There are 2 protein chains.
Amino acid sequence: MVKRTRFNESDCPVARSVDAIGDWWSLLIVRDAFDGSRRFGEFQRSLGVAKNILASRLRDLVAGGILDMAPAADGSAYHEYVLTPKGRDLFPVIVALRQWGEGHFFDPGEPHSEMVDLRHGRPPRALEVHSADGRQLGPDDITVKKVERPAGAAAASE
Amino acid sequence: MVKRTRFNESDCPVARSVDAIGDWWSLLIVRDAFDGSRRFGEFQRSLGVAKNILASRLRDLVAGGILDMAPAADGSAYHEYVLTPKGRDLFPVIVALRQWGEGHFFDPGEPHSEMVDLRHGRPPRALEVHSADGRQLGPDDITVKKVERPAGAAAASE
DNA sequence: CAGTATCCTGTGTGATACTG
DNA sequence: CAGTATCACACAGGATACTG
């Protein structure tokens, strides 16, 4: 059980999301799951994380409804970890992080793992935020309406 | 200085991104920055985090080129923390996390802070991943090409 | 108000060893 | 291979006091 500062009481969806994800390891596990990893050993080799940490994170992700445990397809006694629909909904989050990383942390020409469209072998378009009527929105085109808090306000709110 | 497992050597942009962000506090600071927070005290009240932690994270974010320190607009001796272009590029990440949280962690009708288009007062559309030729892509429509690693492979890679 | 400095504690983390 | 159990340490995180 990951115990740290909790944000799950916050009225901000961003805070609840990060709380639900857990930590960076968990997010990288989800990334690997999108990339096709399913087995304990696959995650472990890919991440290079200690096995107890990995086991703990997998438990948390399953408990959080992000991963599901299924019997192994190869008939072995072990499990496979597959994304639930809720986990699959993290797709834009992973894509956004990937694109940000590609844009800012690799020298031109420096090789990096790349997400490509299966049909064309090309990377997806850069994510864009659009208004309800279809205009593209930037950070300055939005504001955040804070919720009315009835009585006692919790911290880590906004 | 945040010291933890580093992912900045990874060839995966997602890993480098999370490494650059630092931790959840940092991400929530960025969120607040998008929401208009600029001053130390604003972040502190919003997050409820200890001041030393906040100071440390702000330092890291400035050092990482995500925030910039500017002299305070009100003429006081202090600073304002504003997003750099690199920081502003995190917009889709925040929006993606926000939408994921809205969709999965609030009961129907439960109030939460809400991002709205300044022109219409309505939330943006759900983020969609599109292929180079404009088709919408889901998790099953992509694959991740691992990079050829010349010799010694680092952990936490793909 | 905007930080810095100091101290304390819990625990996340990684190694290692062990099991079926 | 797929985990669980145990251990030791660093350090994140929080509280508090102090400064300009």
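Keep in mind that the numbers below use all heavy atoms, side chains included, and drop hydrogens, waters and symmetry copies. In what follows, every chain begins at residue 1, and chains take the letters A, B, ... in the order their sequences are listed. This is a predicted model, so every value here is computed, not measured.
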task: Measure the spacing between CZ of B:Phe43 and CG of B:Asp35 and express it to the nearest 0.5 Å.
output: 9.5 Å
query: Roughly how many Å is it from CZ in A:Phe7 to C1' in D:dA12, rounded to a whole number?
result: 12 Å
query: Do A:His130 and A:Glu128 have side-chain atoms, one donor and one acceptor, less than 3.5 Å apart?
result: yes
task: Mind calculating the distance between CG (B:Leu54) and C1' (C:dA2) to the nearest angstrom?
output: 10 Å
field: Whole-Å gap separating C1' (C:dA2) and CZ (B:Arg45)
entry: 11 Å
query: Whole-Å distance between D:dC1 C1' and A:Leu58 CG?
result: 14 Å
- prompt: With respect to the side chain of A:Lys51, which nucleotide from D:dG14, D:dG3, C:dT13 is positioned closest?
  reply: D:dG3
field: Presence of B:His79 side-chain N/O under 4.0 Å of C:dG3 phosphate oxygens OP1/OP2
entry: yes
- prompt: Do B:Asp32 and B:Ser46 have side-chain atoms, one donor and one acceptor, less than 3.5 Å apart?
  reply: yes
message: With nearest nucleotide decided by heavy atoms, which residue, B:Asn52 or A:Ala55, maps closer to the 5′ end of DNA chain D?
response: A:Ala55
task: Whole angstrom is fine here: how far is it from OH in A:Tyr81 over to C1' in D:dC1?
output: 12 Å
statement: Rounded to whole Å, the CG-P distance (B:Leu67 to C:dG3) equals 12 Å
message: Closest approach to the side chain of B:Trp25, judged atom by atom: which nucleotide of D:dG13, D:dA2, D:dG20 is it?
response: D:dG13
- request: Quick one: look up who D:dG3 pairs with, Watson-Crick or G-U, both distances under 3.5 Å, and put none if it's unpaired.
  value: C:dC18
task: Let me know the distance between CZ of B:Phe40 and C1' of C:dG3, rounded to the nearest Å.
output: 5 Å
task: Starting at CZ of B:Arg122, measure out to CG of B:Asp117 and round the result to the nearest 0.5 Å.
output: 8.5 Å
- prompt: Is the phosphate of C:dT4, meaning OP1 or OP2, less than 4.0 Å from a side-chain N or O of B:Arg59?
  reply: yes
query: Does A:Tyr78 have a side-chain nitrogen or oxygen under 4.0 Å from the phosphate oxygens OP1 or OP2 of D:dT4?
result: no
- prompt: Could you give the CG-to-C1' distance, from B:Asp23 to C:dT11, as a whole number of Å?
  reply: 15 Å
message: Taking only side-chain N and O atoms of A:Arg39, does any of them lie within less than 4.0 angstrom of OP1 or OP2 on D:dA2?
response: yes
task: Kindly check if the number of other-residue, nucleotide or ligand heavy atoms within 6.0 Å of CZ (B:Arg119) is above 12?
output: no
